[in-house]
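Here's the structure, in structure tokens; my notes come after.
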Amino acid sequence: MTELSEPSEELRPRNEEASATVTDAKQAATTTKVDADTIKAIDAIDGSEGTDTLKYSLLGPSLLKAGQDTVDQSKVSEIIYNASKGSKFFAREEERDRQHTIKIEQIQAKKAQLEKLDLTRDRRNADALLAQFELGRNLTQSIVHVDCDAFYASVEQLDRPELANLPFAVGGGVLTTCNYVARKFGVRSGMAGFVAKKLCPQLILIKNNFDKYNAKAREIREILAEYDPRFESASIDEAYLNITEYCEKHGMSRADAVNKMRKEVHETTQITVSAGIAANSKLAKICSNRNKPNGQFELANDRDAIMEFMKDLPARQVNGIGRVFERELAAAGVKTCGDIYEHRKYLRQLFGEKAYEFLIGIYLGLGRTYIQPAEGYERKSVGTERTFRDMNDPAQLREQLRKTAEDLEADMKKVEVKGRTLCIKLKMHTFEVLTRQVSTPRAVCLADDLYKYSLPMLAKLEQDFPGIRIRLMGLRCTHLVSTKKVDTMAFFGLKKQQESSDGAGQYPSDAMTDRKRKAELDGQWEVWPEEEFLNHEPSPDIEARPPTADPVDDEETRAHGKEIVPNPKKEATPGEGEWFDCPICGRPQSTDERQLNEHIDLCLSRRAIRDTLQEAQEQQPPPLARGLTPETKRLKTGNEKRRGRPSGTSDPKQRKLFFGTS
DNA sequence: GGGGGAAGGACCA
DNA sequence: TTCCTGGTCCTTCCCCC
Ligand SMILES: Nc1ncnc2c1ncn2[C@H]1C[C@H](O)[C@@H](COP(=O)(O)OP(=O)(O)OP(=O)(O)O)O1
Ligand SMILES: [Mg+2]
């Protein structure tokens, strides 16, 4: 699983001072002008015809990062521009910039059009939405966002303390991060190594060592768990915690608790972290950037304080608003979150329903107030891609495809999944990206199959783009089917798929696993407990049945799984003790791990048999009637209804929506 | 009008 | 001379029911 961290920023206009509580002493000293610069840059953008937007874009996505206070952005931008000029990468960026500019003009034209119309209805709708969201506001929780400082660099520095005062960066062709000394030169994550060298010729480059970072991240998480055992790691160096309970139990203020936590992390792991404390995750995330490095910032759980906080907040600082959307919003007149209100009646028509709701939520400073461990989350795809020297020889391309397929097989084995959709990605020498996908007739994971199904896509692309020259190739599988025995997802009743890891009988290519094919329920199933069993298959005798021949019987498949995650349904009435709802049959079960697993095994194997039978009958769908069987379809919709609010998904990086009222 | 697949793209670390 | 990698979600288009 990949994971990482976040951006940063500071500067608070005077008027926010009153509402936002600064909880770290060193804060006052470190104010920056990045915000101001950013705004200036955007202002410049609006009507400009020149290279301003391109230069701004070339600054990279992380210009809001901490440690830039003393940087002369325009000088940096000039150096980057000159270093990049003339390259293919640059040409591509120019083209993108042109496209964006066209889109901006369309937005402006549309807005001008809308201004002539009577938008009373749209304004009323927006007000209704505001009112509705307001009802869901929850100010009862204390959410903390923790973010390690210059994470990879800090970890490297532990092994090489002599680097402490020298500018250094981690990464190869592109930097993953750099220390704060290097940031003074304008060096940032995501920047090309050679550009960074132009900005800072003495810059020392260190290779990535992900195992080391992951190990360190685990150490840090161990400490976080003391403060909230159900914390959510959002990336390798970031986590959300709900410390409401902790503070209550220990009679501590939130700021004190977080100070203590940060101190503890520093003392035991030697890594400094920054934190934001607020009423919800979105605000906490913004706050954690304010006193970076090694600082914290608290925003009171108070509506007025929050509204004041959002009022002058540059939209770009909100997670989910990047370089492009920032420009588009600016074109519509929205630069700060506070600006959203006066333009509310246009937003839906200009940016669509989702973005509109997202923005309204931002204006109100709403966000998730429930935090849940990431283990309860189901991965959606696995993929691998590699950049190499330009290539256009068909034989070589096939060889590369084969390699990619093998890499992907290894990754899929590691995370124990197969996929029903295979996606190929090519980046041409011009940096233009092409993707093609197919649904495979069966879930696949073996290199032979991955190759077999992706080759025709490659061939087609070669045909459509004669003489195609490629600098990157990737493969990705989606519509995953778990090959784990009982995976944790099951416990959330979200979705469960199971299949034999050796459903290989179908493929002539893998005779080696063939011996093992007992019940090959290669297909996936999706279980929506209530609907599926409570509605038409109560079958009271399930429990009584002996555990039917376990369909899964493979070494690796057995290795993992069987991990119990507490039911997130925390309202489990305390008086009655706790229970888990079986994700398969929906009935409450003992929380005893062994008993529960036994019960689930039973339910699962029962499902397995049923599905195998069913498959025998209705097998065909994939090729033509590709899509869901009527049953699955119904179940799927059922699920959506059941989960109700968008809330559910615990995707750490969920972008839009979710003003979870918990 | 809705579901789904396919292609492209924004965004995040 | 040179600009990564792995993942999520959204939008737009299309076909089909
Ligand atoms: N574009 C990227 N590609 C790959 N890895 C990245 C990228 N950006 C960041 N990372 C990695 C390296 C970082 O150390 C780690 C955490 O990211 P992030 O929190 O944004 O920065 P940081 O921790 O290095 O500095 P900061 O002090 O600003 O938080 O994720
Ligand atoms: Mg960080």
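The basis for the numbers below is simple: all heavy atoms, side chains too, and nothing from hydrogens, waters or symmetry mates. The sequence lines fix the lettering, A, B, ..., with proteins before strands; numbering per chain opens at 1.
Evaluation of the salt bridge (Lys or Arg N to Asp or Glu O under 4.0 Å) rule for A:Asp464 yields A:Lys460 as partners, not counting sequence neighbours. The salt bridge (Lys or Arg N to Asp or Glu O under 4.0 Å) search around A:Arg96 returns A:Glu93, not counting sequence neighbours. Shown here are the salt bridge (Lys or Arg N to Asp or Glu O under 4.0 Å) partners of A:Asp149, two or more places apart in sequence or in another chain: A:Lys292. By the salt bridge (Lys or Arg N to Asp or Glu O under 4.0 Å) test, A:Lys55 pairs with A:Glu78, sequence neighbours left out. Applying the side-chain contact (heavy atoms from CB on, under 4.5 Å) rule to A:Ala284 yields the partners A:Ile143, A:His145, A:Ala278; only residues at least two apart in sequence or on another chain are considered.
Between A:Glu378 atom CD and C:dG7 atom C1' the separation is 14 Å, expressed in whole Å. The interatomic distance linking A:Arg379 (CZ) with C:dT5 (P) rounds to 17 Å, in whole Å. As a whole-Å value, the separation of A:Lys197 NZ from C:dT2 C1' is 14 Å. Computed from coordinates, the A:Lys354 NZ to B:dC11 P distance equals 17 Å when rounded to whole Å. A:Ile321 places its CD1 atom 9 Å from the P atom of B:dC11, with the value rounded to the nearest Å. Per the geometry, CG belonging to A:Asn319 stands 16 Å off P belonging to C:dT8, to the nearest Å. Put simply, CD on A:Glu326 is 13 Å from C1' on B:dC11, counting in whole angstrom units. Rounding to whole angstrom units, CD of residue A:Glu238 and P of B:dC12 are separated by 11 Å.
When the nucleotides C:dC3, C:dT5, B:dA7 are ranked by their closest atom to the side chain of A:Gln437, B:dA7 comes out on top. With B:dG5, C:dC4, B:dC11 as the choices, the nucleotide that has an atom nearest any side-chain atom of A:Val324 turns out to be B:dC11.
Nucleic acid contact class of A:Thr384 (heavy atoms, under 4.0 Å, all strands): sugar-phosphate only. Nucleic acid contact class of A:Arg96 (heavy atoms, under 4.0 Å, all strands): sugar-phosphate only. A:Val195 comes within 4.0 angstrom of a base, heavy atoms only. When heavy atoms are screened at a 4.0 angstrom cut-off, A:Ser87 is found touching no nucleic acid atom at all. Looking at heavy-atom distances under 4.0 Å, A:Leu175 makes no contact with the nucleic acid at all.
An OP1 or OP2 oxygen of C:dT5 is reached within less than 4.0 angstrom by a side-chain nitrogen or oxygen of A:Thr387. For the pair A:His100 and B:dG9, the criterion of a side-chain N or O lying under 4.0 Å from OP1 or OP2 is not met. A sub-4.0 Å separation between OP1 or OP2 of C:dG7 and a side-chain N or O of A:Arg476 is present. An OP1 or OP2 oxygen of C:dC3 is reached within less than 4.0 angstrom by no side-chain nitrogen or oxygen of A:Arg92. Neither OP1 nor OP2 of C:dG7 sits under 4.0 Å from any side-chain N or O of A:Ser381. Contact check, A:Lys427 against C:dC4: a side-chain N or O comes under 4.0 Å of OP1 or OP2. Considering only side-chain N and O atoms, A:Arg436 lies under 4.0 angstrom from the phosphate OP1 or OP2 of B:dG8.
Ion pair A:Glu94/A:Arg98 not flagged as a salt bridge, since none of the NZ, NE, NH1 or NH2 atoms sits closer than 4.0 Å to an Asp/Glu carboxylate oxygen. Salt bridge annotation for A:Lys285-A:Glu238: present, with a cationic side-chain nitrogen under 4.0 angstrom from a carboxylate oxygen. With respect to the salt-bridge test (charged N to carboxylate O, under 4.0 angstrom), the residues A:Arg348 and A:Glu353 qualify.
For the pair A:Leu472 and A:Gly352, both in contact range of DNA chain C, the more 5′-proximal nearest nucleotide belongs to A:Leu472.
Ring geometry for A:Tyr152 against A:Tyr213 counts as parallel: the plane angle stays under 30°, on a 0 to 90° scale with 60° as the upper cut.
Comparing the C1' positions of B:dC11 and C:dC4 gives an interatomic distance of 15 Å, to the nearest angstrom.
Stem regions annotated for DNA chain C: B:1-13 with C:5-17, counting only runs of 3 or more consecutive pairs of Watson-Crick or G-U type with both contacts under 3.5 Å.
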